[in-house]
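Residue numbers run from 1 in the order of the sequence given. As the structure is a computational prediction, the values presented were derived from the model and not from experiment.
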Amino acid sequence: KLRALDDSDLLIFSECIYDAILLPTELNYDHKTKQFAMAIERFTWESADGKDYNLMQVLSILLVNGVEKVETKDYFKSNTINNLISISNVDNNILILLNDDQVLNLKVIEWSCILRDVGKPWFPAITPTHFKND
């Protein structure tokens, strides 16, 4: 379980969620509690020792507190599987970048984030491959 309270903490989150799988049906915004949540299947970059074949996958919940408004450009209506690229804070906007130039923009005030793994990691059928310069 990780907690982000500032922009530098979100850099660590970005490393943990890179290439995570996200379905539009796995997003939820509760305007009363000002919480935005998403269920993702992330890869265990932190324990792979830089070797793609060591990557495992784990179900995780990303929770953002202090969300005043969510701007998604109809992302909730799409039926596509996306990959997370990064998460950052720009002028009290938590930006969650996805592949295909999709952006989830969470307008926040006094925000915090929690990333929590649910269950045990497993070896997936397919893992991301990253080329390395020799």
Same hydrophobic cluster for [X] and [Y], using side-chain heavy-atom links shorter than 4.5 Å among ILVMFWY?
X: V58; Y: I12; value: no
X: V64; Y: V70; value: yes
X: L11; Y: F43; value: no
X: L59; Y: L22; value: no
X: V67; Y: I61; value: no

Taking all atoms of both residues into account, what is the closest heavy-atom pair of N54 and F123, and its distance?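 Looking at all heavy atoms of both residues, the closest pair is O-CE2, 4.1 Å.
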Of all heavy-atom pairs between P121 and T44, which one has the smallest distance, and what is that distance?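 Of all heavy-atom pairs spanning P121 and T44, the closest is CB-CG2, 4.4 Å.
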W45 and D52: CA distance, side-chain angles, deciding distance, side chain to side chain contact (heavy atoms under 4.5 Å, CB included) verdict: CA-CA 8 Å; W45 300 103; D52 295 341; 4.2 Å; yes
Can any side-chain N or O of N99 pair as donor or acceptor with the backbone N or O of N83 at less than 3.5 Å?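 Answer holds: yes.
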Quick check for you: to the nearest 0.5 Å, what is the distance between [X] atom [atom1] and [Y] atom [atom2]?
X: S112; Y: I94; atom1: OG; atom2: CD1; value: 9.5 Å
X: T25; Y: I81; atom1: OG1; atom2: CD1; value: 9.5 Å
X: I17; Y: L84; atom1: CD1; atom2: CG; value: 4.5 Å
X: L23; Y: T80; atom1: CG; atom2: OG1; value: 8.5 Å
X: R3; Y: F13; atom1: CZ; atom2: CZ; value: 9.0 Å
X: I85; Y: L95; atom1: CD1; atom2: CG; value: 13.5 Å

So among L106, N65, N89, which one has a side-chain contact (heavy atoms from CB on, under 4.5 Å) with W111?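 In the set L106, N65, N89, the residue that makes a side-chain contact (heavy atoms from CB on, under 4.5 Å) with W111 is N89.
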Are [X] and [Y] close enough that some pair of their side-chain heavy atoms sits under 4.5 Å apart?
X: L2; Y: I114; result: no
X: Y29; Y: T72; result: no
X: P124; Y: L55; result: no

Are there over 12 heavy-atom neighbours, none belonging to L5, within less than 6.0 Å of that residue's CG?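 Counting other residues, nucleotides and ligands, CG of L5 exceeds 12 neighbours.
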When you look at CG of D101, are more than 12 heavy atoms from neighbouring residues, nucleotides or ligands closer to it than 6.0 Å?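 No, because the 6.0 Å sphere around CG of D101 holds 12 heavy atoms or fewer from other groups.
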Dump the intermediate steps for side chain to side chain contact (heavy atoms under 4.5 Å, CB included) on K1 and R116, then the final yes or no. CA-CA 4 Å; K1 180 176 179 180; R116 182 178 191 150; 3.9 Å; yes
Check against side chain to side chain contact (heavy atoms under 4.5 Å, CB included), I109 and N92: CA-CA 7 Å; I109 297 176; N92 288 320; 5.9 Å; no
Would R42 and L62 count as a side chain to side chain contact (heavy atoms under 4.5 Å, CB included) if you check the C-alpha gap in whole Å, the side-chain angles of each, and the deciding distance to 0.1 Å? CA-CA 10 Å; R42 72 174 194 87; L62 177 65; over 6 Å; no
